[in-house]
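First up is the structure itself, then whatever we jot down about it.
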Amino acid sequence: MQTLLNLCRCVLAGFALFALALVVTPVCAQQPNSVNPTADAVKEDQLLQQMRIINGRGTIPDVKSYNIEQPAGRDWRRYQEVVLPWVGAIAILGMLVLLVLFYLIRGMVRIEGGRSGRTLVRFNAFERFVHWMTATCFIILGITGLNITFGKRLLLPLMGPQAFTNWSQWAKYAHDFLSFAFALGVALIFLMWIAGNLPAKGDLTWLKEGGGMVGRRHPSAGRFNFGQKAIYWIVVLGGAAMAVTGYIMMFPFYVTDIAGMQTVTMIHGTVAALFVAIMIAHIYIGTIGMEGAFEAMGTGTVDLNWAKLHHDRWVEQEVAKGRGATPPPEAAATPAE
């Protein structure tokens, strides 16, 4: 009798286990086959794949501050700390090396036949004011902006933490406020010189012949040659890109999210580095690279022989309008014998 009773107990226990298995199996099948972010032993890479942004909780209105981890931020940080400094260094130092080599090989582009002593008005006072306002702002913006990329590496060891902090704070103020004058200058440059910087006949010929910088031949050109037109559009388009991305950073999250802000900062830094490199070449040509070029923006006038050499079609147009070359004031005041 006792043996029969034990046998019945075993049979009932088996049925109970079988029934329990039938109940538990559907419940387990309903569980998602994915990483549980609340699990104690979850791996970091699994968690980052499961949730692109890890959010915490907070009590302040700015919910963006609740982000604890943003995996895409690591790529952004690597670009800012590693890639961008290399891009900037290669572009700026590379341009300086090329210009030094070019100067040693080609030297200054001289005025063939020397100066005539007669001048033409190249730019009026308003044009020169806009140019120098924009150029001054650009130089300050370039220096203060490059401080963000290279300051910790180059200046911090020399200045020390406190001095570098003070400098960086004032550099940021200058960068922010002078950006408005720079943007205004770019807009005025666009409006002032758009008519003379549209594509024209002879631009490709000027490019093929090296614009007089390579070789000794000086191709024909109007008021602005192809090289100056290229600088014009680089300033207009590059300046616009810098202004738009800069104001998005100055007033963050009004038009984009955190991913967009990261993209904007990368565009701003990259365009800035290339912009500085190109403007170094522009400064070179306008100063030690070409005789008589600086006078155009310095005094507003250029020597007639310089104008005929580099902008012969523009000289013809000025003469046709009755704006012929005039002798310098001291020559005009000398009485005839």
Side-chain angles (χ1 to χ4, degrees), residues 45 48 52-53 67 69-105 135 137-161 163-176 178-179 182 186 227 230-231 233-250 252 256-285 287 289:
D45 57 345
L48 296 180
R52 187 166 178 268
I53 298 178
N67 291 346
E69 180 75 30
Q70 190 215 173
R74 297 178 178 178
D75 297 332
W76 171 83
R77 182 175 60 192
R78 183 179 183 278
Y79 186 87
Q80 295 293 110
E81 296 293 332
V82 179
V83 178
L84 182 57
W86 275 106
V87 170
I90 292 173
I92 296 173
L93 295 180
M95 180 62 73
L96 290 172
V97 170
L98 288 176
L99 292 175
V100 170
L101 292 176
F102 185 82
Y103 183 79
L104 293 176
I105 296 172
C137 291
F138 176 83
I139 292 172
I140 298 175
L141 291 172
I143 293 173
T144 55
L146 291 175
N147 178 66
I148 299 174
T149 303
F150 299 104
K152 289 190 298 183
R153 295 174 174 85
L154 301 179
L155 298 182
L156 179 58
L158 299 176
M159 301 174 65
F164 179 72
T165 299
N166 296 336
W167 148 249
S168 297
Q169 182 178 13
W170 284 105
K172 180 185 182 302
Y173 292 152
H175 199 87
D176 289 347
L178 288 180
S179 66
F182 174 75
V186 170
I231 290 294
W233 287 109
I234 288 172
V235 169
V236 169
L237 298 179
M242 296 300 295
V244 171
T245 55
Y247 292 137
I248 291 176
M249 290 191 295
M250 193 180 299
T256 186
D257 57 8
I258 184 65
M261 291 299 301
Q262 291 173 345
T263 301
V264 164
T265 57
M266 290 190 291
I267 293 174
H268 190 85
T270 305
V271 173
L274 300 177
F275 206 170
V276 169
I278 295 172
M279 287 301 103
I280 290 175
H282 175 63
I283 294 171
Y284 165 81
I285 296 174
T287 52

Side-chain donor-acceptor contacts of residues 137-161 below 3.5 Å, not counting sequence neighbours, with atom names and distances?
unit_1 : atom_1 : unit_2 : atom_2 : d
Thr144 : OG1    : Ile140 : O      : 2.8
Thr144 : OG1    : Leu141 : O      : 3.2
Thr144 : OG1    : His175 : ND1    : 2.8
Asn147 : OD1    : Trp167 : NE1    : 2.8
Asn147 : ND2    : Ser168 : OG     : 3.2
Arg153 : NH1    : Thr149 : O      : 3.0
Arg153 : NH2    : Glu81  : O      : 2.4

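Counting heavy atoms from C-beta outward, Met279 and Ile231 have side chains that approach closer than 4.5 Å. Contact check for Met266 versus Leu84: no side-chain heavy atoms found under the 4.5 Å cut-off. Thr245 places none of its side-chain heavy atoms less than 4.5 Å from the side chain of Val271.
When every heavy atom of Ala277 is checked against every heavy atom of Ala91, the shortest pair comes out as CB-O, 3.5 Å. The shortest heavy-atom contact between Ala281 and Met95 is CB-SD, 3.8 Å. Here the shortest heavy-atom pairing between Gln80 and Pro85 reads O-CD, 3.3 Å.
Partners of Thr165 under the side chain to side chain contact (heavy atoms under 4.5 Å, CB included) rule, at least two apart in sequence or in another chain, do not exist in this structure. Not counting sequence neighbours, the partners of Asp176 by the salt bridge (Lys or Arg N to Asp or Glu O under 4.0 Å) test are Lys172. Annotation: ring pair (Phe, Tyr, Trp, His ring centres under 6.0 Å) contacts of Tyr103 (sequence neighbours excluded): none. For Thr265, the side-chain hydrogen bond (donor to acceptor under 3.5 Å, both in side chains) criterion is met by Trp76, not counting sequence neighbours. Under the side chain to side chain contact (heavy atoms under 4.5 Å, CB included) criterion, Ala273 pairs with no residue, sequence neighbours left out. Listed by chain and number, the residues in a ring pair (Phe, Tyr, Trp, His ring centres under 6.0 Å) with Trp170 are Tyr173 (sequence neighbours excluded).
Annotation: the span from Arg77 atom CZ to Asp75 atom CG amounts to 10.0 Å, rounded to 0.5 Å. Distance check, rounded to the nearest 0.5 Å: OG1 of Thr263 to CD1 of Ile258 gives 10.0 Å. For the atom pair CD1 of Ile280 and CD1 of Ile92, the computed distance is 5.5 Å after rounding to the nearest 0.5 Å.
Within the structure, side-chain hydrogen bond (donor to acceptor under 3.5 Å, both in side chains) pairs that include any residue of residues 84-98 do not occur (at least two apart or interchain). Listed by first and then second residue, the side-chain hydrogen bond (donor to acceptor under 3.5 Å, both in side chains) pairs involving residues 270-285 are Tyr79-Thr270 (not counting sequence neighbours).
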